[in-house]
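Just so it is clear, the values below take in all heavy atoms, side chains as well, and ignore hydrogens, waters and symmetry mates.
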Amino acid sequence: MAPALPDGDAAPDDGALPASVVAGAERRAFGVYLHVPFCTVRCGYCDFNTYTATELGGGASQSSYASTALAEIDLAGRVLAAAGLPARPVSTVFVGGGTPTVLPVDDLARLLGGVRDTWGLALDVEVTTEANPDSVTPESLAALAAAGFTRVSFGMQSAVPHVLATLDRTHDPRRIPDVVRWARDAGLAVSLDLIYGTPGESLDDWRASVETALATGVDHVSAYALVVEEGTRMAVQVRRGDLPPTDPDDQAAKYELADDLLAAAGLGWYEVSNWARTPADACRHNLAYWRGDDWWGIGPGAHSHVGGVRWWNVKHPRAYADRLARGLSPAAGRETVDGESAALERLMLGVRTAEGLPIADLPAGARREVAGLVADGLVDGRAALARPAAGSSTPGGRIVLTRRGRLLADAVVRTLAA
């Protein structure tokens with residue numbers, strides 16, 4: 001069961017944005033997220049807005065989905081132009097889900113073509129699709145590259161069969177080196193996504209997964225702690241006692257092990273759950289989220305953010321398709337993020353990155369907490385004590401988390417936000 005949409009204000013049927021979104025737009029990058037809500041199998045831990053039915057009816061089938069999403073891309077182009085926003089070529093495109101590669105490559109190419117025709121693509125555009133290891137072939141990956149995709153993120157999750165079985169993942173872990181090689185042969189950059197803390201996963205199991213990922217030579221790895229979300233099949237299994245609950249201490253030990261192994265292999269952390277070989281290998285689309293840039297989310301349940309206004313689409317593909325067929329915006333609600341809420345969001349997102357957050361951006365009361373966080377080993381003292389720029393009257397240091405701080409990032413935010 002996907003989580004409920006947030007509360008918010010009513011969104012206008014035409015999708016029109018307030019005039020305030022124009023301010024500062026020329027300084028913000030613009031990206032596009034394309035949500036593909038289909039999977040062949042729904043994993044027991046997953047609470048994303050995904051569906052397994054091939055035919056959902058009402059224009060919401062897999063076969064008609066690209067055309068429906070293209071209608072929202074067209075709407076987005078008109079709404080942004082009407083708002084008076086400056087023309088900005090798209091810096092990043094991220095196709096997520098679900099499993100985007102259950103759609104034919106031609107459909108994915110049509111979606112990217114719609115983005116290109118509507119806004120244009122930056123010369124150095126990053127175009128990523130998520131994929132399951134069993135949803136691609138050498139031919140399909142080559143076709144994605146030919147269509148303009150530059151990057152693929154494979155949902156590896158684990159290299160250990162019994163862990164994959166607990167997660168309801170269906171791919172053969174022995175396929176991982178093959179799909180990485182096929183993608184690289186096609187000219188695509190590759191990321192592998194891992195999950196740690198699955199019930200029944202030992203520390204040795206986790207080590208094997210990280211080492212298997214590194215053995216492929218990839219330049220980007222994401223590693224996420226498993227969260228047992230309410231409404232999922234796994235939550236029911238835990239509640240019945242069929243599976244043990246996740247253990248925060250076990251997950252912390254696995255995070256530290258991953259950080260050690262990845263660092264030894266030359267991959268440095270640039271966000272709490274992400275490591276890259278060089279800054280150029282980082283996922284620029286996700287960095288745009290953490291930096292508060294603009295993006296339009298296409299698809300059922302997708303979220304968008306432009307100039308401090310955030311909105312979200314209706315969740316079900318049938319409702320999404322129906323609204324677009326009637327010439328209406330699929331937005332279900334929206335909110336304006338400003339004042340204290342904007343400052344808190346900047347704090348929550350900024351401290352998660354290795355570049356950190358300028359201490360000058362903190363209110364005076366929060367600045368007084370920095371020394372204690374350094375003393376507790378949560379914030380890097382050298383970064384916090386960096387000299388200000390010549391002639392500047394504001395603090396020059398930055399809030400950069402130590403590894404212990406990364407494990408307790410929420411506690412750091414609570415301290416600074418108090």
Side-chain angles (χ1 to χ4, degrees), residues 24 27-28 196-197 221-225 227 246-264 266-279 282-284 286-293 305 308 310 337-418:
R27 299 191 301 273
R28 301 189 302 268
Y196 59 91
V221 172
S222 300
Y224 302 103
V227 177
T246 56
D247 180 349
D249 291 335
D250 171 71
Q251 291 187 331
K254 288 171 178 170
Y255 182 91
E256 292 176 334
L257 175 60
D259 194 47
D260 286 341
L261 293 172
L262 292 162
L267 279 72
W269 79 283
Y270 69 94
E271 191 274 339
V272 169
S273 299
N274 290 273
W275 291 257
R277 196 170 302 280
T278 71
C283 178
R284 289 195 286 121
N286 286 341
L287 280 170
Y289 292 155
W290 299 315
R291 291 170 177 166
D293 287 333
H305 173 269
R310 179 184 293 114
V337 184
D338 55 14
E340 290 185 5
S341 60
L344 177 59
E345 188 163 294
R346 168 89 173 118
L347 171 63
M348 292 173 61
L349 297 174
V351 301
R352 292 185 62 86
T353 65
E355 67 184 29
L357 184 72
I359 292 176
D361 286 1
L362 299 175
R367 294 178 198 173
R368 291 192 288 270
E369 302 292 340
V370 174
L373 292 169
V374 171
D376 289 341
L378 300 175
V379 167
D380 183 272
R382 184 173 298 178
L385 295 173
R387 293 179 179 274
S392 173
S393 61
T394 58
R398 303 182 74 85
I399 302 296
V400 177
L401 299 178
T402 63
R403 184 161 75 177
R404 182 167 181 266
R406 282 181 264 159
L407 290 168
L408 298 170
D410 290 345
V412 173
V413 170
R414 286 195 298 271
T415 298
L416 294 174

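Within the structure, every pair that satisfies the salt bridge (charged side-chain N to carboxylate O under 4.0 Å, His left out) test and touches residues 354-363, not counting sequence neighbours, is listed here: R291-E355, R346-D361.
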Residue pair V272, Y224: steps toward the side-chain contact (heavy atoms from CB on, under 4.5 Å) verdict: CA-CA 9 Å; V272 169; Y224 302 103; over 6 Å; no

Walk me through whether L378 and T415 qualify under side-chain contact (heavy atoms from CB on, under 4.5 Å). CA-CA 11 Å; L378 300 175; T415 298; over 6 Å; no

Verify side-chain contact (heavy atoms from CB on, under 4.5 Å) between V337 and E345, making sure each step is shown before the conclusion. CA-CA 9 Å; V337 184; E345 188 163 294; 4.1 Å; yes

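For the residue pair D380 and T402, no side-chain donor N or O sits within less than 3.5 Å of a side-chain acceptor on the partner.
Nearest approach of V374 to G381, heavy atoms of both residues: CG1-CA, 3.7 Å. Between R28 and G292, the shortest heavy-atom distance links the atoms CD-O, 4.1 Å. Nearest heavy-atom pair across T246 and G197 is CG2-O, 3.6 Å. The two atoms that bring W275 and A223 nearest to each other are CZ3-CB, 3.7 Å, heavy atoms only. For the residue pair L401 and W269, the shortest heavy atom distance occurs at O-CZ2, 3.7 Å. Between V400 and A354, the shortest heavy-atom contact is CG1-O, 3.7 Å.
With salt bridges taken as basic N to acidic carboxylate O contacts below 4.0 Å, one links D260 and R403. Using a cut-off of 4.0 Å between Lys/Arg side-chain N and Asp/Glu carboxylate O, D250 and K254 are scored as salt-bridged.
A distance of 11.0 Å separates CG in N274 from OG1 in T353, rounded to the nearest 0.5 Å. Once rounded to the nearest 0.5 Å, the distance linking CE of M348 with CG of L357 reads 12.5 Å. Atom CD1 of I399 sits about 6.5 Å away from atom CG of L373, to the nearest 0.5 Å.
Side-chain contact between R406 and D259 is present, with heavy atoms from C-beta onward closer than 4.5 Å.
With sequence neighbours left out, Y270 forms a ring-ring contact (aromatic ring centres under 6.0 Å, His included) with H220.
At least one donor-acceptor pair closer than 3.5 Å links the side chain of R367 to the backbone N or O of L362. Side chain of R404 to backbone of D376: a donor-acceptor contact under 3.5 angstrom is found.
Stacking of R352 on the aromatic ring of W290 is not recorded, the 6.0 Å distance cut-off and the 45° axial limit not both being met.
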